[in-house]
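A quick write-up on the structure given underneath.
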Amino acid sequence: MEDGHLLDHVLASQVPVHSLFGGVVPELASREHYRFASALFDELMARTGKRIGEIDLVSVSRGPGLLGSLLVGVAFAKGLALGVGIPLLGINHLHAHLLAAGLDRELSFPCLGLLVSGGHTNIYRVASPSSFKPLGRTLDDAAGEVFDKIASFLGIPYPGGKLLDELASYGHADRDLLPRPYLLNDNLDFSFSGLKTAAVQYIEKAFPADAWPRPLRRVDDAPQELKDFCASFNLAVVETISAKIQRAFERYPCIDSLILAGGVAANSLLREKMAALMEARGGSLFMPRADLCTDNAAMVAYAGCLLGTEGAYHPLDMETVPRGKKMPDDMLFRMNPSWATA
Ligand code: KG4
Ligand code: ZN
């Protein structure tokens, strides 16, 4: 980042490694982080033509996430901060996903934030880049997890959400085929287990095991009944999410913008529905550009940039916050105005 603009970013995807096992293997994830961290840093320095002494802040994902992977990233960032003598800033990875939308277009606050990924389905009220109030979350599976599990049940290799979405675009949805789970309440939480069970029961009843080639990797190999099922499933997930977002806006009538982020933000129907919802409200929809919806370092750098301009930093004994451990609300920032990066 330079003057609030992204100079460049590099990424080493672990999807090919984990897809062999049908999901993320934590031990492999941390080993891959360790294997690639220095090389990616060197590559970025070479591509931007920057010298190490020109870096004035290092921001790093502090959590939530897998402990081993977080430790590798945080140790690397601490070494860099200590070696160069610059401030370190630990970023909430989930907040960074949402803030990434601001890289291309200035965000307006307050707004609502919907983070839909393989690990999370969260709704926030976002008052500023450093103020996120959680309003709702999933009580069981995350939206991406449900897509991936049902995809896997259909013989689509991990992570199957993308192909399931593509298949859906060629199908006709039956609105009554599957339930819209966990809506008969007055909260903003999600629970997808009922939908998952209903989908599995339908698949077992309706489709013989040899109805299409498994693993299924191409739309062309799928029969129309499968495309129709995917369309119904996609619609059920998206309408469930959409219902809770509408409810969130009813709670906060003064808010008229929404950030949609996380891997599932790539879902074509979800994007369409959220765009229609915001248009009907006369508000704005912010989304990170496609390559910054999935995990990336640019969003963490950008979040660091937004907070660093105010002089926020963490001491070098900052700890990681793995998944399941409560994230401190204030992230324990300290402020040192003389370290402000702008
Ligand atoms: O944020 P992300 O890249 O990483 C993790 O949370 O790990 O999200 C990945 C998730 C996966 O579950 C993937 O299947 C899902 O996003 N995903 C999609 C689509 N593209 C990616 N789900 C539904 N429709 C899509 N088009
Ligand atoms: Zn993520």
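Computation of the quantities below employed the complete heavy-atom set of this structure, encompassing side-chain atoms and omitting hydrogens, waters and symmetry-equivalent molecules. Whatever order the structure lists ligands and atoms in, that order sets their numbers, starting from 1.
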Contact atoms of ligand 1, heavy-atom distance to Gly119 under 4.0 Å: 6 (O)

Polar proximity ligand 1 side, Gly161 side, N/O cut 3.5 Å exclusive: yes

Linked, directly or transitively: Val72 and Leu67 (ILVMFWY side chains, under 4.5 Å): no

Matching residue for Tyr182 among Asp189, Asn187, Thr240 - test: side-chain hydrogen bond (donor to acceptor under 3.5 Å, both in side chains): Asn187

Leu40-Leu70 co-clustered via ILVMFWY side chain contacts under 4.5 Å: no

Backbone or side-chain N or O of Gly144 under 3.5 Å from ligand 1 N or O: yes

Protein residue, atom and distance nearest to atom 10 (C) of ligand 1, heavy-atom basis: Gly118 N, 3.6 Å

Aromatic contact, Phe76 with Phe41 (centres under 6.0 Å): yes

Point-to-point distance, once rounded to the nearest 0.5 Å, from CG of Leu115 to CG of Leu260: 9.0 Å

For Ala266, the ligand 1 atoms whose distance to one of its heavy atoms is below 4.0 Å: 20 (N), 26 (N)

Shortest non-hydrogen contact from Ile259 toward Leu98: CG2-O, 3.3 Å

same_hphob_cluster(Leu80, Met1) at 4.5 Å side-chain heavy-atom cutoff: no

Nitrogen or oxygen of Asp165 less than 3.5 angstrom from that of ligand 1: yes

N or O pair under 3.5 Å between Asn267 and ligand 1: yes

Closest protein heavy atom (residue, atom, distance) for atom 4 (O) of ligand 1: Asp295 OD2, 4.0 Å

Ligand 1 to Gly263 polar contact by distance, N or O atoms, under 3.5 Å: yes

The Zn ion (ligand 2) contact by His97, N, O or S atom under 2.8 Å: yes

Ring-ring centroid check Phe21 Tyr158, cutoff 6.0 Å: no

The Zn ion (ligand 2) - name of the N/O/S atom of Asp295 that sits closest to it: OD1

ILVMFWY cluster, Phe207 and Phe153 together (side-chain gap under 4.5 Å): yes

Nearest protein heavy atom with distance in Å, relative to atom 12 (O) of ligand 1: Asp148 OD2, 2.6 Å

Atom 15 (C) of ligand 1: the protein heavy-atom neighbour that sits closest, reported with distance to 0.1 Å: Val264 CG2, 3.9 Å

His93, N/O/S atom nearest the Zn ion (ligand 2): NE2

